[in-house]
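Scroll down for the structure; my scribbles are underneath it.
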Amino acid sequence: MDRLAQLGSDIVKLWGNYGPTYLNGMWSTIWLAVVCTFIGCLIGFLCGVLQTIPCEKNDHIVKRFFIGLLRLVIRIYVEVFRGTPMILQAVFVYFGLPYFTKDAIRFTSPILAALVVVSINTGAYMAETVRGGILSVDPGQTEGAKAIGMRHFQTMLSVILPQALRSIMPQIGNNLIINIKDTSVMFIISYTEFFAVHRGVSGATYMYFPSAAIEMAGYLLMTLSCSVLLRWMEKKMDGADSYDLATTDTLAHTSGTLNFRKRRALSAARHKAVPRDAGKPDRGRDERGR
Amino acid sequence: MDDRLLQVSHLSKSFGHNVVLRDIDFSIRPGDVTSIIGASGSGKSTLLRCVNMLEIPSSGRILFHDRDVMARGFNIPAYRAKVGMVFQSFNLFSNMTVLENCVIGQRKVLGRDRASAGKTAREYLDKVGMSPFINARPRQISGGQKQRAAIARALAMEPEVLLFDEPTSALDPQMVGEVLDVMKTLVAEGLTMLVVTHEMAFARDVSSHTVFMKDGIICEEGPPKQIFGSPEKQETKDFLARFFRS
């Protein structure tokens, strides 16, 4: 019990001294994760669309060659960046590039380098996720689009990707949460995110465990908020369960799903506006009777 | 000048070693309503899918206004916009409302502006009796309603010929009725149609030409009166006997 009390008071003390530093770290982590997940998604969608360009046997040889080349390049990108640790990718981009190019290409700030590395890494995962999402959309949707004369990119943008996006939303959430945690390896290029703050603070105060506890709570807070936000976005994307019948003729309301909340509001308004003894349509009387 | 809208000659299609269509010849003139009948697996749907290049034929020719559809460099998307298709499984875009389904093709393929595309879409949705449901999503409406919306989507492109691939096979009898009624209206208005169907009464009473297919070849064709009244081939007789016995 006194251990817990000790921990509590240490945490309070640490937070009192370093609160803003922790908050800064959290901000660095969260914006890097969100921005990189977003850019990674864009890369993923681009790769997904390029990978699924149809290639028929009777297409021109040059077209077939370029499509084949494109698929190979994307495949190599995915395999390399998915198959190596992000921490080493960061080392190669931040220290390796200037070393091999004799300082011709170098990132001036670790922020930019971190942005590039995490985005490209996420993109490699997202490329496969998006491909899976595209494959999961009913082929009938593509045929329906083809049959009215839509081209590959039009079909993708208007029909397939919106549906694929909905089905890969949980996976995008996964990636975001993984990024929140995994951006901690960016300390290797001296990007000061949330975990780097912990290293700094615990090094200065020797209060290793209390600082770790703050880190735990901080990371959980960030990931939980992202989870809630993503669930909410998924719900938004699903849209309403009901729809409005596009007619003013009340007798036409014989089938289909009505938006009952709206209808109730509407009939309430009607009841207020019209005196009780005034002639009312059957529907109004019916509802009052119930 | 040939008045044939669509001419299919010596068309064959095989999937690997499996030959599905063999040496198919037929043509369509504007205003024709051609019905294709035959047992399941006889190649009817594959033929229809070959006509608008959803399947690439293995050999043969398809001429649209005397232009070879299978030629290299032929603009297939533009061709498909003129040859509408209605599917057995509707294939409405599930991320859009009924109205958006009918608008998207006009906007993206025909380049119409939002207002005129919306107006055209509403006209055709009204024609198929779907105007109350324009704000519904495909998952919220019945099969018959979906198929009528799909017909409106195809019509909104104002195609020169409309292909129907067993449009009523996934529907219950009442819904079959509402879809067939829509199709009869279209026939009365003079739309050129190529219909793969198991609705023998529709083929017999509504179409102007009937094609009977068996095992990937056209077994017999002619006016419906002849095919249904006095078929010449034994295969046709057997097929129809099985159908009309019940």
Side-chain angles (χ1 to χ4, degrees), chain A residues 54-64 133-134 136-167 169 237-259 262, chain B residues 49 52-57 70-73 75-102 104-110 122 125 130-142 145 150 153-154 156-157 159 163 165:
Chain A
C55 185
E56 308 282 1
K57 266 196 201 128
N58 57 350
D59 276 332
H60 200 272
I61 182 96
V62 177
K63 186 183 167 194
R64 278 167 63 193
I134 291 172
S136 77
V137 176
D138 173 20
Q141 299 283 312
T142 313
E143 290 199 341
K146 270 187 179 174
I148 53 172
M150 287 167 75
R151 292 173 179 279
H152 177 70
F153 285 94
Q154 292 172 332
T155 308
M156 278 292 160
L157 280 179
S158 315
V159 180
I160 307 300
L161 290 186
Q163 295 181 42
L165 178 65
R166 173 61 193 91
S167 61
M169 272 306 277
M237 286 170 84
D238 285 339
D241 285 332
S242 57
Y243 61 94
D244 292 326
L245 282 173
T247 172
T248 47
D249 181 5
T250 45
L251 289 176
H253 288 214
T254 50
S255 60
T257 340
L258 281 162
N259 190 332
K262 254 192 188 165
Chain B
R49 292 167 59 82
N52 81 342
M53 298 294 278
L54 284 178
E55 302 286 355
I56 308 297
M70 286 158 68
R72 196 160 265 166
N75 189 343
I76 291 176
Y79 163 71
R80 288 199 186 115
K82 291 180 194 148
V83 181
M85 176 114 172
V86 174
F87 298 89
Q88 181 179 349
S89 50
F90 327 123
N91 293 351
L92 284 176
F93 305 137
S94 44
N95 57 324
M96 301 178 197
T97 65
V98 166
L99 182 65
E100 286 164 348
N101 262 282
C102 299
I104 183 91
Q106 299 182 63
R107 300 259 293 141
K108 301 275 174 190
V109 180
L110 304 180
R122 279 167 206 271
L125 282 166
M130 283 298 289
S131 21
F133 306 102
I134 54 172
N135 295 326
R137 285 177 186 275
R139 65 184 149 93
Q140 295 166 322
I141 55 179
S142 74
Q145 291 171 336
R153 177 176 73 180
M157 301 297 290
L163 314 176
D165 185 10

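- Heavy-atom distances place both the backbone and the side chain of B/S94 under 4.5 Å from chain A.
- Neither the backbone nor the side chain of B/V86 comes within contact range of chain A; no heavy atom of the residue lies under 4.5 Å from a heavy atom of that chain.
- When all heavy atoms are compared, the tightest approach of B/M85 to A/A147 is CB-CB, 3.8 Å.
- The contact between B/F93 and chain A is made by backbone and side chain atoms together, counting heavy-atom distances below 4.5 Å.
- Heavy-atom distances place the backbone of B/L92, and not its side chain, under 4.5 Å from chain A.
- Interface summary for chain A: among B/K82, B/Q106, B/K108, B/M96, the most heavy-atom pairs under 4.5 angstrom belong to B/K108.
- Within 6.0 Å of atom CZ in B/R49, more than 12 heavy atoms from other residues, nucleotides or ligands are found, so the atom counts as buried in its surroundings.
- One distance of note links CE of A/M150 with CZ of B/R107; it measures 11.5 Å at 0.5 Å rounding.
- The nearest pair of heavy atoms linking A/Q141 to B/N91 is NE2-C, 4.5 Å.
- Put simply, CZ on B/R137 and CG on A/D238 are 9.5 Å apart, with the number rounded to the nearest 0.5 Å.
- Contact tally against chain A (heavy-atom pairs below 4.5 Å) for B/N101, B/T97, B/I104: the top residue is B/I104.
- One N or O on the side chain of B/N95 and one on the backbone of A/S158 form a donor-acceptor pair closer than 3.5 Å.
- Contact detail for A/G144 and B/R153: the closest heavy-atom pair is CA-NH2, 3.9 Å.
- Between A/I148 and B/M157, the shortest heavy-atom contact is O-CE, 3.2 Å.
- With a threshold of 4.5 angstrom between heavy atoms, A/Q154 approaches chain B through side-chain atoms but not through N, CA, C or O.
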